[in-house]
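Notes follow once the structure below has been shown.
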Amino acid sequence: RIDARFDAQDTSMQQYFTSLDTRLSTLEQRVDFQTSELKAKFETSDMYAGKTWGVVYGQQGDIREVKQDIKGITGRLDDIDARFDRVEGRFDAQEEKLTQILERLPKQGG
């Protein structure tokens with residue numbers, strides 16, 4: 001009888017360990033699958049981060065170039081503004097001379 005009880009206990013333990021082994025194997029497969037999915041997502045994210053960094057780096061260069069262009073344009077506009085000031089000064093001088101000439105001319109109709 002004791003042998004039968006030990007045999008039954010042994011069979012029961014073998015079934016329990018077989019069941020446990022199956023569940024652990026299934027869990028291990030799920031973990032492996034999730035790990036590979038996470039790795040793929042990380043690699044994709046890393047790839048997009050790299051591309052984004054490349055775009056940002058390129059745009060920084062473009063922004064620097066645009067700033068330089070704006071500085072050049074601003075310099076040219078300052079030159080044009082200075083020329084207009086000189087031309088305006090000449091027009092003012094000519095207007096003053098014309099006014100003086102008109103004041104010296106005899107007035108008509110009076």
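The basis for the numbers below is simple: all heavy atoms, side chains too, and nothing from hydrogens, waters or symmetry mates. A quick note: this is a predicted structure, and the numbers were derived from the prediction, not measured.
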Using 0.5 Å steps for rounding, measure from the [atom1] atom of [X] to the [atom2] atom of [Y].
| X | Y | atom1 | atom2 | result |
| --- | --- | --- | --- | --- |
| E37 | D32 | CD | CG | 12.0 Å |
| D69 | D62 | CG | CG | 10.5 Å |
| S36 | K39 | OG | NZ | 9.0 Å |
| L105 | Q100 | CG | CD | 12.0 Å |
| R30 | T35 | CZ | OG1 | 12.0 Å |
| E28 | D21 | CD | CG | 9.5 Å |

Go through the structure and list residues passing side-chain contact (heavy atoms from CB on, under 4.5 Å) with [X], not counting sequence neighbours.
| X | result |
| --- | --- |
| R86 | A82, R83 |
| D7 | none |
| Q68 | K71 |
| T99 | E95, E103 |

Name every donor-acceptor pair, under 3.5 Å, that has one atom in a side chain of residues 45-55 and the other anywhere in the protein, sequence neighbours excluded.
unit_1	atom_1	unit_2	atom_2	d
S45	OG	K41	O	3.0
T52	OG1	Y48	O	2.8

With sequence neighbours excluded, tell me which residues meet side chain to side chain donor-acceptor pair (under 3.5 Å) with Q9.
none
Checking E43 now: which residues fulfil side chain to side chain donor-acceptor pair (under 3.5 Å) with it, not counting sequence neighbours?
none
Is [X] isolated, or which residues cluster with it under the ILVMFWY side-chain rule of less than 4.5 Å, directly or via members?
| X | value |
| --- | --- |
| L20 | M13, Y16, F17, L24 |
| F91 | V87 |
| L98 | none |
| I70 | V66 |

